[in-house]
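Sequence lines set the chain letters: A, B, ... in the order given, protein chains first and strands last, and positions in each chain run from 1. Every value quoted in this text rests on a predicted model; they were computed, and no experiment measured them. Computed over heavy atoms, backbone and side chain alike; hydrogens, waters and symmetry mates excluded.
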2 protein chains.
Amino acid sequence: MQEKLRNIEIFSSLNNDSLNLLARHCRLVNHRKGTVLIHADKVEPYFYILESGIARAYSDGENQQITFWFGQAGDVLLSYNSYINNKPGYENLELLEDSSLFRIKLLDLFKLYDQHLALANWGRKIAERELIATERRLIDRSFKDATQRYREFVNQQPELIKRVALKHIASYLGVTQVTLSRIRASDK
Amino acid sequence: MQEKLRNIEIFSSLNNDSLNLLARHCRLVNHRKGTVLIHADKVEPYFYILESGIARAYSDGENQQITFWFGQAGDVLLSYNSYINNKPGYENLELLEDSSLFRIKLLDLFKLYDQHLALANWGRKIAERELIATERRLIDRSFKDATQRYREFVNQQPELIKRVALKHIASYLGVTQVTLSRIRASDK
DNA sequence: TGCTACATTTTACAAATGTTAAAAAATGAA
DNA sequence: TTCATTTTTTAACATTTGTAAAATGTAGCA
């Protein structure tokens, strides 16, 4: 198992001992496109690391769903809200393609955090990294208009543009699908 | 020092030993309103915990500044980008009132993270908590219009409304000051 | 092939927000 | 207080984005 994990960027800061500890609790599972791995209205017992495939995190509103995160191979799929507050939250996690994932029990992760310094710091860095990315997106909503945000998304996430439905990308960028269509039309 | 720290909510999960370790590196400093404690174009050597006063984090654009975070007594003032990537970033931190703050050298914090399990987990939880708050704000930008965002801000942050200039609150909410004025006018 | 469901684009119109400039109000210092 | 500065509001107009509905495109399947 640890050979497979070793290839994933997010584990590169871990030495072999720490990685083995994680790997011991790790199981490789497959799920089909459309599977909702994490439900907003439940406290889910697992977190995942994408081995292959694409996922999105979304939040349900009255009339719409907002996609606020995309995950690709190597990314951690984790409902931070349910995991920190031990309560159902606002995050759903859905697979947008048939995927294979490493699955780990959250209880095991917590135990590792409480026993193993390197893993606690690894978990800290994952959250910090995600925080910076989210903060930047929030700032970009103010600094950049929808057209700029779309163009940068195209440049920075060429894989996602190819493989993800535009309706999801529209809500990720903070506009309606109609607006996204207009942007794309004027970009030709 | 640790008696003072003990009163701060963010330290409540730490036992006395851990808190003492932190307190040993902690110095209480005072700064005047308007002081920029952390500059986006520098790698700053300290992080702070607000003892009293109010602060904002902002990012500079060509024609405007975006305020993306407010801090009040008990909050951690930290440039995550500079601290994670060890590079200048996008975050400025300015005091909006005369303030007193606990100041700690980031190098000391890093050492503590690498040596002390409880503190590493403490740092992890701070980042995770901040991540959830930021994620929610990003989602709210899509789900709620400016009027709703303003009203919720008023309800949830009554202190900030009283003490912070509206121009900063406008940019925090993701609208121009003119729009915020209109919302306030129609709310009477 | 033709049917079905779903995704995307287009259109026309409405609503929200931005821009610019100026006036009014509030703040702070001498 | 008075003056100068800054903040906030108001106004008029431009632009962007949203909404709803129809048209078109696409993929899978019987």
Side-chain angles (χ1 to χ4, degrees), chain A residues 32-36 54 56 58 61-68 70 94-98 137-154 157 160-188, chain B residues 32-36 53-54 56 58 61-67 70 94-98 137-154 157 160-188:
Chain A
R32 311 227 59 167
K33 169 177 177 166
T35 305
V36 178
I54 290 190
R56 70 171 180 126
Y58 67 93
E62 286 173 31
N63 314 308
Q64 44 174 346
Q65 276 183 354
I66 301 297
T67 296
F68 60 88
F70 288 117
E94 179 192 8
L95 296 178
L96 299 177
E97 297 181 351
D98 294 353
R137 285 185 55 213
L138 184 66
I139 295 169
D140 279 356
R141 286 272 173 108
S142 296
F143 274 136
K144 297 170 184 166
D145 63 20
T147 304
Q148 271 180 288
R149 296 203 298 279
Y150 171 70
R151 287 189 187 144
E152 288 180 13
F153 185 86
V154 171
Q157 308 287 351
L160 291 179
I161 279 286
K162 271 183 255 167
R163 290 156 69 181
V164 174
L166 288 171
K167 63 178 176 179
H168 297 319
I169 291 171
S171 97
Y172 180 86
L173 293 173
V175 294
T176 60
Q177 199 180 350
V178 175
T179 297
L180 181 57
S181 250
R182 282 194 276 242
I183 290 167
R184 287 161 52 83
S186 75
D187 248 16
K188 283 169 192 163
Chain B
R32 313 228 57 171
K33 171 177 174 166
T35 306
V36 178
I54 290 191
R56 71 174 180 124
Y58 67 94
E62 286 175 31
N63 314 307
Q64 45 174 347
Q65 277 184 352
I66 302 296
T67 297
F70 289 118
E94 178 193 8
L95 296 177
L96 299 177
E97 297 180 351
D98 294 353
R137 286 185 55 212
L138 184 66
I139 294 169
D140 280 355
R141 286 273 172 107
S142 297
F143 275 136
K144 297 170 184 165
D145 63 19
T147 304
Q148 273 180 288
R149 298 204 298 279
Y150 171 70
R151 287 188 185 145
E152 288 179 13
F153 185 86
V154 170
Q157 307 288 350
L160 291 179
I161 279 285
K162 273 183 255 168
R163 289 156 70 181
V164 173
L166 288 171
K167 64 178 176 178
H168 295 139
I169 291 171
S171 97
Y172 180 85
L173 294 173
V175 293
T176 60
Q177 197 178 353
V178 176
T179 297
L180 180 56
S181 251
R182 281 194 277 241
I183 291 168
R184 287 160 55 81
S186 75
D187 248 15
K188 285 171 192 164

### Flag side-chain contact, heavy atom, 4.5 Å: A/Arg56 against A/Gln65
yes
### Overall bend - the helix from C/dT1-D/dA30 to C/dA30-D/dT1, comparing terminal axes fitted on five pairs, nearest 10 degrees
40°
### Task
Show the numbers, then the answer: is there a salt bridge (Lys or Arg N to Asp or Glu O under 4.0 Å) between A/Lys33 and A/Glu97?
CA-CA 4 Å; A/Lys33 169 177 177 166; A/Glu97 297 181 351; over 6 Å; no
### Summary
dist A/Thr35:OG1 -> A/Glu94:CD (nearest 0.5 Å) comes out at 8.5 Å
### Query
Side-chain contact, heavy-atom cut-off 4.5 Å: A/Ile169 with A/Ile161?
yes
### Query
How far apart are the C-alpha atoms of B/Phe143 and A/Gln64, what are their side-chain angles, what is the distance that settles it, and do they pass the side chain to side chain contact (heavy atoms under 4.5 Å, CB included) test?
CA-CA 8 Å; B/Phe143 275 136; A/Gln64 44 174 346; 3.8 Å; yes
### Task
Apply the test side chain to side chain contact (heavy atoms under 4.5 Å, CB included) to residues A/Arg182 and A/Thr179: give CA-CA distance (whole Å), side-chain angles for both, the deciding distance (0.1 Å), then the verdict.
CA-CA 5 Å; A/Arg182 282 194 276 242; A/Thr179 297; 3.8 Å; yes
### Task
Find the distance A/Lys162:NZ to C/dT8:P and express it as a whole number of Å.
17 Å
### Query
How long is the line joining CG of A/Leu96 and C1' of C/dC6, in whole Å?
15 Å
### B/Ile54 side, atom CD1; B/His168 side, atom NE2 - distance, nearest 0.5 Å
11.5 Å
Just the atom pairs and distances: protein N or O near nucleotides 28-30 of chain C's N or O, under 3.5 Å.
none

### Summary
With sugar-phosphate taken as primed atoms, P, OP1 and OP2 and all else as base, the protein-contact string of nucleotides 15-25 of chain C at under 4.0 Å (heavy atoms; B, S, -) is --SBBB-----
### Query
Ring centres of A/Phe70 and A/Tyr172 under 6.0 Å apart?
yes
### Task
For A/Lys144, enumerate each residue passing the side chain to side chain contact (heavy atoms under 4.5 Å, CB included) test, keeping only those at least two apart in sequence or located in another chain.
A/Asp140, A/Gln148, A/Arg149, A/Glu152
### Task
Name all residues meeting the side-chain hydrogen bond (donor to acceptor under 3.5 Å, both in side chains) criterion together with B/Tyr150; count only those two or more places apart in sequence or in a different chain, and write none if there are none.
B/Arg184
#### Entry: Bounds of contact between DNA chain D and chain A, in 5' to 3' order, using a heavy-atom cut-off under 4.0 Å
D/dT17 to D/dA20
#### Entry: Donor-acceptor contact below 3.5 Å, side chain A/Ser142 vs main chain B/Gly174
no
### Query
So, does B/Ser171 use its side chain to make a donor-acceptor pair with the main chain of B/Thr67 at under 3.5 Å?
yes
#### Entry: side chain to side chain contact (heavy atoms under 4.5 Å, CB included) assessment of A/Leu95 paired with A/Arg32
CA-CA 7 Å; A/Leu95 296 178; A/Arg32 311 227 59 167; over 6 Å; no
